[in-house]
Amino acid sequence: MASAMIKAAPQENRPEGHALYHITPETAADRWEVEALYDTCFAPGREALSSYRLRDGVPPVAGLNHVARDAGGILAGAIRYWPVCIATHPALLLGPVAVHPTRQGEGLGALLIEGSLAQAAPLGWSRVMLVGDAPYYNRFGFSLLSEVVMPPPTNPERVLGRALVEGAWEGISGDVTAWPH
């Protein structure tokens with residue numbers, strides 16, 4: 001997914017010739033624009049969530065963080081990953097992933113998720129987890145991780161995981177902690 005181009009689904013208010021998105025690795029120059037997108041898409045105080053505490057002082061995983069821009073260079077979506085530990089086992093923490101409200105419903109979120117997950121196993125990652133809505137993430141192969149405990153105040157019904165390598169979640173249980181740095 002180093003540089004992918006996709007066509008978005010047509011919408012009634014869009015002129016002929018669907019929007020074209022360029023998906024590229026996130027760079028330092030994208031940081032503040034991506035943060036503004038996350039501020040737009042998520043509730044105030046998002047950085048107080050337990051998943052953000054796991055990210056404090058830990059760099060995101062190189063090669064998996066991407067931005068999606070339209071043909072005019074406008075940011076439409078972004079996805080990031082962070083390393084975490086479950087007991088002593090490494091895992092990816094997916095998120096945040098966001099698509100600008102004016103671009104939602106075009107399949108861009110799915111493209112960001114599926115494209116980046118396809119790159120994770122070749123980079124040596126065997127499992128990925130997230131905190132999110134099961135009805136949305138089930139379609140990407142995520143399921144409840146009943147034996148994995150995120151720091152409070154996380155709803156345990158929202159802790160989901162997906163094996164990138166067969167059997168990667170077997171026998172994995174315990175507390176999720178920040179990556180040692």
Side-chain angles (χ1 to χ4, degrees), residues 26 30-68 77-101 104-105 108-121 123-181:
E26 182 181 341
D30 297 315
R31 181 172 189 256
W32 294 113
E33 196 174 4
V34 170
E35 289 297 323
L37 174 67
Y38 291 150
D39 287 344
T40 298
C41 294
F42 300 111
R46 67 181 169 89
E47 293 180 349
L49 298 172
S50 61
S51 55
Y52 277 85
R53 289 196 308 273
L54 295 170
R55 299 174 184 135
D56 285 342
V58 178
V61 177
L64 293 180
N65 304 308
H66 291 87
V67 295
I79 190 167
R80 289 180 174 161
Y81 289 84
W82 306 84
V84 293
C85 291
I86 301 153
T88 60
H89 306 282
L92 286 172
L93 178 62
L94 187 161
V97 58
V99 174
H100 193 277
Q104 292 177 4
L108 185 54
L111 186 71
L112 286 166
I113 292 166
E114 291 172 345
S116 58
L117 286 174
Q119 294 180 317
L123 292 175
W125 295 95
S126 60
R127 66 188 66 84
V128 61
M129 64 173 297
L130 58 82
V131 177
D133 297 320
Y136 179 77
Y137 288 103
N138 288 155
R139 66 184 168 148
F140 303 110
F142 285 86
S143 58
L144 180 66
L145 294 175
S146 59
E147 301 297 318
V148 174
V149 181
M150 281 287 289
T154 302
N155 177 345
E157 297 298 314
R158 294 175 53 83
V159 179
L160 309 173
R162 173 178 158 179
L164 301 173
V165 174
E166 190 169 335
W169 282 107
E170 291 175 18
I172 304 295
S173 65
D175 294 338
V176 179
T177 58
W179 190 256
H181 53 281

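Worth saying up front: this structure is predicted, and the values here are computed from it rather than measured. Residue numbers count from 1 along this sequence.
Here the closest heavy-atom approach between residue Ser116 and residue Ile113 is recorded as OG-O, 3.1 Å. Gln119 and Gly63 get closest at one heavy-atom pair: OE1-O, 3.4 Å. Closest approach of Ala178 and Leu54 over heavy atoms only: N-CD2, 3.4 Å. Minimum heavy-atom separation, Leu108 to Ala68: CD1-CB, 3.8 Å.
To the nearest 0.5 angstrom, Arg31 atom CZ is 12.0 Å from Asn65 atom CG. Interatomic distance, CH2 of Trp169 versus CE of Met129, reported as 5.5 Å (0.5 Å rounding). Note: Tyr81 OH to Leu117 CG = 3.5 Å, rounded to the nearest 0.5 Å. Separation of atoms OG1 (Thr177) and CE (Met150) is listed at 10.5 Å; rounding is to 0.5 Å. Taking CD from Glu26 and CD from Glu33, the interatomic distance works out to 10.0 Å, rounded to the nearest 0.5 Å. Atoms CG and CG, from Leu64 and Leu112 in turn, are 12.0 Å apart once rounded to the nearest 0.5 Å.
Side chain of Asn155 to main chain of Glu157: a donor-acceptor pair is present (N/O by atom type, distance under 3.5 Å, no hydrogens or angles). Looking at Asp175, its side chain never comes within 3.5 Å of a backbone N or O of Pro151 through a donor-acceptor pair.
In this structure, the side chains of Phe140 and Leu160 stay at 4.5 Å or more apart for every pair of heavy atoms.
In this pair, Trp179 and Trp125 present their aromatic rings tilted. The plane angle is within the 30 to 60° band.
A salt bridge does not link Arg127 with Glu170: none of the charged nitrogens is closer than 4.0 Å to a carboxylate oxygen.
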For residues 82-101, please give each side-chain donor-acceptor pair under 3.5 Å, one per line with the distance, not counting sequence neighbours.
| from | atom 1 | to | atom 2 | distance (Å) |
| --- | --- | --- | --- | --- |
| Trp82 | NE1 | Gly95 | O | 3.1 |
| His100 | ND1 | Thr102 | N | 3.1 |
| His100 | ND1 | Thr102 | OG1 | 2.8 |

